[in-house]
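Submitted below is the structure of interest, expressed as structure tokens.
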Amino acid sequence: MNNTDKDEPYFGRGNPAMQLEVVKAKGSYVYDANGKKYVDFLGGAGVGNLGWGVEEIEEAIRKKDRPAYVYPNFHYKPWNELAELLAELAPGKLQKAYRMTGGSEAVEAALEMATMYTGRKKILSVEGSYHGNTVGALSIGATKKRRSFPNLLEGCEKLELPLNQEKLDRVKKLLSTKDFAAVIMEPVIINLGVVIPEAEFMKDLDKICKVTGTLLIMDEAITGFGRTGKMFASEHFDIEPDILCMAKAITAGHAGMGAVMTTLAIDEKVGRKIGLYSSYGWHPISVDASLAALNYLQKNEKRLFDNIEQLAKTFKKGISEVNFREKPDVRIKGAAIGVEVHDKDYASNIKEKALEKGLLMNTEGAALLFLPNFEMTSETALEGLDLLKSCV
């Protein structure tokens, strides 16, 4: 029986399913309906930064002394506790956190904040990027989406890769018009196969934004909460975002949640006017999961970040021993690993073979994408890398 048969006649999908029916996930492994065990280099596309089924988080979710639901316009003390913790973890002057259900909603809110605050209409983003599935998020993503969605927003300009000093002339020319409300990007672009912008590009982009009054939005839905070896990937470049989008690992995968953060200066102008109402934003269960996940991350930060560093070395060495058709470009930033194999079909074929053999991964174009959890041992990483070797 294929996945189409399993889904029919009621369950809809936006993308084809992988041939895997999950019944259990624990630590660095996922188990299917037949009891087969898979090494998980996929990590729920960045959701499972602490591995699956973390007991401290599971226990927080099992708590019974919480309301079933809290209407967004009421007060609820754990919302304030989580917002304060996010302000402690976030880079720069980010202080005000708004409740969201996930990354797409957070991006949409960030765009609304930027346009309301600046009074400008245009947005600059990176060509081919992914920021979510809402109309606004699709508008700032890959231009090719306009073929499928003719109603996308106008005024969305794109920067082509590479993001280097040569690209800064175009940035300066565009932003000097003062038509742009914001520049939005991932500080490390996971969905393009872990593209790492040049440090000078990021530094000067930050300066140009400040000079022209353009807000800098960092979408850290995947890169946030330790993925790249810093709490937030923005920290690698010593930049201070005006707005930051969070999701995925904010609960380590134990419940759905997102957030958007901004500075006091921006919040003073748009707060209480922008109407960011979210019926299920920061549901009580999700808040308990997030507080538990972030407290765990903070409490174990040194151990986990040391392990991220070790994993990066293990993956770098292991990938170098894989006999790919031609020498790959390997891009590693902490526990974000992209392996450019120069052929999209070849990458997809490796992914399919890996699934058959018991290894989960993703692909982005012609790149293999590995997002291991921060608790993964070197032994498990090597187990997965050995499986990879048998797939090329």
Side-chain angles (χ1 to χ4, degrees), residues 98 100 102-164 166-187 189-192 195 197 201-202 204-221 234 239-247 258 260-263 265-267 269-271 273-278:
Y98 282 77
M100 300 287 137
S104 294
E105 192 179 16
V107 166
E108 202 77 18
L111 298 179
E112 290 178 20
M113 281 181 173
T115 52
M116 178 180 275
Y117 179 77
T118 62
R120 302 173 183 178
K121 296 180 179 179
K122 291 187 175 182
I123 303 291
L124 181 61
S125 59
V126 177
E127 182 59 88
S129 59
Y130 173 79
H131 294 285
N133 294 312
T134 56
V135 168
L138 287 169
S139 299
I140 58 172
T143 300
K144 65 183 181 182
K145 289 289 185 181
R146 291 185 178 272
R147 294 197 294 266
S148 301
F149 303 101
N151 61 327
L152 296 186
L153 304 178
E154 298 301 322
C156 298
E157 299 279 349
K158 310 292 168 62
L159 281 176
E160 299 276 356
L161 296 179
L163 300 181
N164 54 22
E166 292 176 14
K167 205 56 53 75
L168 288 167
D169 287 339
R170 179 154 191 264
V171 172
K172 193 175 293 184
K173 183 177 179 182
L174 288 170
L175 300 192
S176 293
T177 64
K178 298 194 176 180
D179 293 329
F180 286 81
V183 176
I184 183 169
M185 62 181 292
E186 291 181 279
I189 308 173
I190 304 296
N191 85 286
L192 293 178
V195 168
F201 172 86
M202 295 297 280
D204 287 350
L205 171 65
D206 191 28
K207 287 180 183 175
I208 295 167
C209 283
K210 285 178 169 57
V211 168
T212 60
T214 310
L215 300 188
L216 186 58
I217 303 171
M218 288 289 119
D219 181 358
E220 298 230 28
S234 302
I239 57 175
E240 294 193 358
D242 299 293
I243 303 174
L244 190 144
C245 302
M246 305 170 173
V260 62
M261 292 195 72
T262 192
T263 63
I266 294 171
D267 187 70
K269 188 170 178 179
V270 305
K273 300 174 189 173
I274 197 165
L276 293 176
Y277 182 96
S278 179

As an exercise, state the distance from CG of Leu152 to CZ of Arg147, rounded to the nearest 0.5 Å. 12.0 Å
Looking only at non-hydrogen atoms, find the nearest pair between Ile243 and Ala114 and report the distance.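 Closest heavy-atom pair between Ile243 and Ala114: CD1-N, 4.1 Å.
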Distance, nearest 0.5 Å, that separates OH of Tyr117 from OG1 of Thr262: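 One finds 8.5 Å between OH of Tyr117 and OG1 of Thr262.
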Do any N or O atoms from the side chain of Lys145 and from the backbone of Leu138 form a donor-acceptor pair under 3.5 angstrom?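 Absent.
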Mind checking the CD-OG1 spacing from Glu157 to Thr177? Nearest 0.5 Å is all I need.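 Between atom CD of Glu157 and atom OG1 of Thr177 there are 9.0 Å.
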Keeping the roles fixed (side chain from Glu220, backbone from Ser234), state whether a donor-acceptor pair exists under 3.5 Å.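 Such a contact is found between Glu220 side chain and Ser234 backbone.
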Approximate separation, where rounding is to 0.5 Å, of Lys172 NZ and Ile208 CD1: 5.0 Å
Dump the intermediate steps for side-chain contact (heavy atoms from CB on, under 4.5 Å) on Ile239 and Met218, then the final yes or no. CA-CA 10 Å; Ile239 57 175; Met218 288 289 119; 4.0 Å; yes
Any Lys/Arg nitrogen of Asp169 or Lys173 sitting under 4.0 Å from an Asp/Glu carboxylate oxygen of the other?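 Salt bridge between Asp169 and Lys173, a charged N being under 4.0 Å from a carboxylate O: no.
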Does Leu174 have any side-chain contact (heavy atoms from CB on, under 4.5 Å) partners at least two apart in sequence or in another chain, and if so, which?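 Result, side-chain contact (heavy atoms from CB on, under 4.5 Å) vs Leu174: Leu124, Arg170, Phe180.
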Starting from the C-alpha separation in whole Å, work towards a yes-or-no answer on side-chain hydrogen bond (donor to acceptor under 3.5 Å, both in side chains) for Glu186 and Ser129. CA-CA 8 Å; Glu186 291 181 279; Ser129 59; over 6 Å; no
From Met113 atom CE to Met261 atom CE, the distance as rounded to the nearest 0.5 Å: 10.0 Å
I'd like to know if the side chain of Ser104 reaches the main chain of His131, judged simply by a donor and an acceptor atom lying under 3.5 Å from each other, with no hydrogens or angles considered.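 A pair under 3.5 Å: no.
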Identify the two heavy atoms, one from Gly103 and one from Ala247, that lie closest to each other, and give their separation to 0.1 Å. N-CB, 3.4 Å
Ala181 versus Ile123, closest heavy-atom pair with distance: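 In terms of heavy atoms, the two residues are closest at CB-CD1, 4.2 Å.
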Which distance, rounded to the nearest 0.5 Å, do you find between the CE of Met185 and the CG of Leu205?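 Spacing of CE (Met185) from CG (Leu205) equals 6.5 Å.
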Heavy-atom closest contact (Pro241 atom, Thr263 atom, distance):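 Closest approach of Pro241 to Thr263: O-CG2, 4.5 Å.
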side-chain contact (heavy atoms from CB on, under 4.5 Å) between Leu111 and Thr115, worked out: CA-CA 6 Å; Leu111 298 179; Thr115 52; 5.6 Å; no
Between Lys158 and Gly141, which heavy-atom pair has the shortest distance, and what is it?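 Taking every non-hydrogen atom into account, NZ-O, 2.7 Å.
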With no hydrogens and no angle check, is any side-chain donor or acceptor of Asn164 less than 3.5 Å from a backbone partner on Lys167?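 Side chain of Asn164 to backbone of Lys167, a donor-acceptor pair under 3.5 Å: yes, one is there.
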A quick test of your reading: do over 12 heavy atoms of other residues, nucleotides or ligands sit less than 6.0 Å from NZ of Lys269?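 Result for NZ/Lys269: enclosed.
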Which of Leu163, Asn191, Ile140 passes side-chain contact (heavy atoms from CB on, under 4.5 Å) with Val126? It is Leu163
Do Thr143 and Glu127 have side-chain atoms, one donor and one acceptor, less than 3.5 Å apart?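 Judged by distance alone, the side chains do pair up.
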With a 3.5 Å distance limit and no angle check, can you tell me whether Lys210 reaches the backbone of Leu215 through a side-chain donor-acceptor pair?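 Side chain of Lys210 to backbone of Leu215: no pair is present.
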Could you please spell out the steps behind the side-chain contact (heavy atoms from CB on, under 4.5 Å) verdict for Thr134 and Val107? CA-CA 9 Å; Thr134 56; Val107 166; 5.8 Å; no
Just by modelled atom types, is the Lys122 backbone N or O under 3.5 Å from a matching donor or acceptor in the Asp179 side chain? no
Report yes if the side chains of Leu175 and Val183 come closer than 4.5 Å at any heavy-atom pair, otherwise no.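 SC-SC contact between Leu175 and Val183 confirmed.
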Quick one: does Tyr130's side chain get under 4.5 Å of Leu192's, heavy atoms only? no
Flag side-chain contact, heavy atom, 4.5 Å: Met246 against Leu244: yes
Hey, does Cys245 have a side-chain heavy atom less than 4.5 Å from the side chain of Glu105? no
Check whether any side-chain heavy atom of Leu161 sits under 4.5 Å from a side-chain heavy atom of Val195, and report yes or no. yes
Please report the shortest heavy-atom distance between Ala110 and Val260, naming the atom on each side.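 For Ala110 versus Val260, the nearest heavy atoms are CB-CG2, 4.1 Å.
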